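Predicted model only: the values in this text are computed from it and were never measured. Here is how names work: the chains are called A, B, and so on, in the same order as the sequence lines, proteins then strands, and each is numbered from 1.
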Amino acid sequence: MRDAMLGAGERLIRLTHNLAALLMAVALGLVFLQVVTRFLLGDSWAWTEVVARAVVIWMVFLVAGAGFRLAAMIPLEVLRAALPKAADRWIGWAVTLCVLLFLGILVFFGTKLSLSVSRQSVAMLDISRSWLYAAIPVGAALAIPGVLLAQLRPVTARLEDGE
Amino acid sequence: MNGVLVTALIGFFALSVPVAVSIGLASVVGIWITGRPAMLVVPQKIFTSLDSFPLLAVPFFILAGQLMTHGGVSRRLVDFAKSLVGGMQGGLASTCVVTCMIFAAISGSSVATTFAIGAILIPAMRAHGYPVPMAGTIQAASAELGVIIPPSVPMIVYAVSTDTSVGQLFLAGIVPGLLIAAGLVAMVQIWCRVKGLGKRDGDDRLGVLTATARAFWALLLPVIILGGIYGGIFTPTEAAAVSAVYALVVGLFIYREIGWRDLPAIFRAATLSTGAIMLIIGAAGLFSFLVSLSGLPAVVGGWAQGRFDSAVSFLMFVNLLLLVVGMFVETSAAILVLAPILTPIAVGFGVDPVHFGVVIVVNLALGMITPPLGVNLFAAAQVAGIPVQRMFRSLLVPVCTVLALLLLITYVPALSLGLRDGF
């Protein structure tokens, strides 16, 4: 039962990570298209910029779960490294609770914010602003399994590319 | 409000809560204790901090860096640099600096530079008898150039948070970057002679012409990026997208070192680092909003005006402050919180905001190689396969070198502004 749930969590995180990678490709295509259309038509399509911004924001929040899962979110570990092993387990849980609390706040107030702007529409696109703000509560909610997995089935941090 | 924010932030940092969450939760605690503004501002400010076209350059430059690391570009740049400077005593160490300098003109990140170049040069230096901690130190210090020579992610972050031109900042980073590269080459030359290392570094290197021909497509990229931005052909964000597409084409069709099948992994890795950095940027935007709402910038401004009588003493204060901050705080977060407070004061003292941005970035780049939180150190230690503490002793040499150059860049604005004002 426990393994089945953890396995489902892993699949969900992999799915959101792949979706985020796909959105990265879409955003790249859009901005590249903007350059190309300006060369070909002398005038770039203005909507590409608006859509690219929205796509990148969705990408950032969709990949959050994988970021927590794969320990790619940079922490400051000076003090913690100096503590004994027994304390380390407790701190691990405290950190996980802090992260979950923050994600919970993002889900709750992010939903509230998204609903409050449902009547405003995005310039040039004629869709509701809610679609943009929704990235925050949706991404934060989908990140929760990633945080739990990192606590229950930790992987070692990898520092490939940051900054 | 500010006391609560700072106390909470230090508390979460000490607990080793991830940086983005620490900053976000500290803001939440601040709002919760003081009761204003409404909590709705949390998602709202995170969103608006990220909803910016210049900031879109960040994911694309990270992606371009990933594509180039896997696409065979970094190895060809190493061969090229080695053919130029590899023949001297300490030639491999000098190659490390020069390769990082060229790679920095393609990538906007220091950590990416450490991985891309260190994976080749740290083992090479070890094979030529360099002590591993020293090789790691040289790599970590050289990789700093990644954020100083354009394109640069921290410069984009500074420009966005202070309404300065990204293009002008990039231009201003060129000479200081070259200066630091020259300083580091001089440093490793002396260091190797003192230690009697690297006498046979020049073995089996390529001729200059062969190496240049092989690295041609890689060397063309900085020309396209910088030429495109300054020729007014595209914006920095568009340049970032163009360089990612270019790196994709070079890796897939010219060097043929990546296949279509490698792309999902490369894109996934790029989104992961983008996500980590952009969440920090979003959270820092919220934090910074609360700080400015509390009126702190005006208080600090008033205090600075009473405390410092000239630009020189103020800049000295900034140097020291950022040196300490850089030891503990992630670069982009430090810029987002401090730049909006410090820049208006600097302008009040007659410092050009573009020059000030270069000072901040160089200053914080030094923080990437100062313990305890020096991201380049972690990356270099990881590549070298040694615990990070073993590098601390040899760090003194590059830290002092870069510190001396930082002072030069701080007090001689012409180094940063010469290229801009010359045109």
Side-chain angles (χ1 to χ4, degrees), chain A residues 17-18 20-25 27-28 30-32 34-35 38 49 52-54 56-57 59-64 66-68 70 72-81 91 94-95 98-99 101-103 105-106 108-110 112-114 116 132-133 135-137 158-163, chain B residues 12-21 24-25 28 39-40 42-44 46-47 50-53 56 59-60 62-63 65-66 109-112 115 147 153-154 234 237-238 241-242 244-245 264 267-279 282 328 330-331 372-373 375 378-379 382:
Chain A
H17 196 175
N18 283 329
L22 195 67
L23 289 182
M24 171 79 104
L28 178 65
L30 284 168
V31 176
F32 191 67
Q34 181 174 325
V35 180
R38 197 173 53 233
E49 180 190 322
R53 271 182 358 216
V56 166
I57 288 177
M59 177 196 85
V60 167
F61 285 95
L62 276 183
V63 84
F68 289 114
L70 301 170
M73 300 292 189
I74 315 144
L76 207 78
E77 285 184 320
V78 204
L79 253 166
R80 190 171 167 186
I91 295 185
V95 170
C98 284
V99 175
L101 175 67
F102 185 60
L103 291 177
I105 287 168
L106 288 185
F108 184 79
F109 291 98
K112 233 174 134 179
L113 179 70
S114 305
S116 74
L132 305 190
Y133 284 118
I136 296 178
R158 13 157 284 137
L159 228 154
E160 289 266 357
D161 279 67
E163 276 317 284
Chain B
F12 290 126
F13 275 163
L15 205 59
S16 81
V17 175
V19 174
V21 179
L25 265 188
V28 169
M39 207 54 101
L40 220 51
V42 173
Q44 192 187 11
I46 292 178
F47 183 89
L50 293 175
D51 189 24
S52 127
F53 191 65
L56 281 195
F60 299 148
I62 289 175
L63 176 65
Q66 282 282 350
S109 139
S110 282
V111 177
F115 276 104
V147 296
V153 171
F234 32 68
T237 302
E238 291 169 348
V242 169
V245 172
F267 273 77
R268 272 201 299 266
T271 49
L272 207 55
S273 5
T274 303
I277 185 117
M278 297 279 274
L279 283 180
F328 300 98
E330 199 276 334
T331 311
L373 183 74
V375 282
F378 294 133
Q382 199 173 321

Inset, instruction - Looking only at non-hydrogen atoms, find the nearest pair between A/Ala72 and B/Ala276 and report the distance. - result: O-CB, 3.6 Å
Inset, instruction - Select one option (side chain, backbone, both, neither) describing which atoms of A/Ala54 are under 4.5 Å from chain B's heavy atoms. - result: neither
Legend entry - Nearest-0.5 Å distance that lies between atom CG in B/Leu56 and atom CZ in A/Arg53: 7.5 Å
Legend entry - Toward chain A, the part of B/Val19 with a non-hydrogen atom under 4.5 Å: both
Inset, instruction - Report yes if the side chains of B/Phe234 and A/Gln34 come closer than 4.5 Å at any heavy-atom pair, otherwise no. - result: no
Inset, instruction - Examine whether an atom of A/Leu113 lies under 4.5 Å from a heavy atom of chain B, and if so say whether it belongs to the side chain, the backbone or both; otherwise answer neither. - result: both
Legend entry - Most chain A-contacting option - heavy-atom pairs closer than 4.5 Å, from B/Ala244, B/Pro264, B/Pro18: B/Pro18
Legend entry - Residue part contacting chain B, namely of A/Leu62, when any heavy atom lies under 4.5 Å: neither
Legend entry - Nearest non-hydrogen partners of A/Val95 and B/Ser16, listed with the distance: CG2-OG, 3.7 Å
Legend entry - Least distance between heavy atoms, B/Leu279 atom then A/Ala64 atom: CD1-CB, 3.9 Å
Inset, instruction - Specify the closest pair of heavy atoms between B/Leu15 and A/Ala94, including all atoms of both residues, with the distance to one decimal. - result: CD2-CB, 4.3 Å
Inset, instruction - Output the distance between atom CZ (B/Phe47) and atom CD1 (A/Ile57), rounded to the nearest 0.5 Å. - result: 4.0 Å
Inset, instruction - Under 4.5 Å heavy-atom distance to chain B, tell me which part of A/Phe108 shows up: side chain, backbone, both or neither. - result: neither
Legend entry - A/Val35 side chain near B/Val242 side chain, heavy-atom distance below 4.5 Å: yes
Legend entry - B/Val28 vs A/Leu101, side chain to side chain contact (heavy atoms under 4.5 Å, CB included): CA-CA, chis, key distance, verdict: CA-CA 10 Å; B/Val28 169; A/Leu101 175 67; over 6 Å; no
Legend entry - Approximate separation, where rounding is to 0.5 Å, of A/Leu132 CG and B/Asp51 CG: 7.0 Å
Legend entry - Sub-4.5 Å side-chain heavy-atom contact between B/Pro59 and A/Leu28: no
Legend entry - Flag side-chain contact, heavy atom, 4.5 Å: B/Arg268 against A/Val63: no
Legend entry - Heavy-atom side-chain proximity of B/Met278 to A/Met59 below 4.5 angstrom: no
Inset, instruction - Under 4.5 Å, counting heavy-atom pairs only, tell me which of A/Phe61, A/Phe68, A/Phe109, A/Phe32 racks up the most with chain B. - result: A/Phe109
Inset, instruction - Answer with side chain, backbone, both or neither: which region of B/Leu50 has an atom nearer than 4.5 Å to a non-hydrogen atom of chain A? - result: both
Inset, instruction - Kindly compute the distance separating NZ (A/Lys112) from CD (B/Gln44), expressed to the nearest 0.5 Å. - result: 12.5 Å
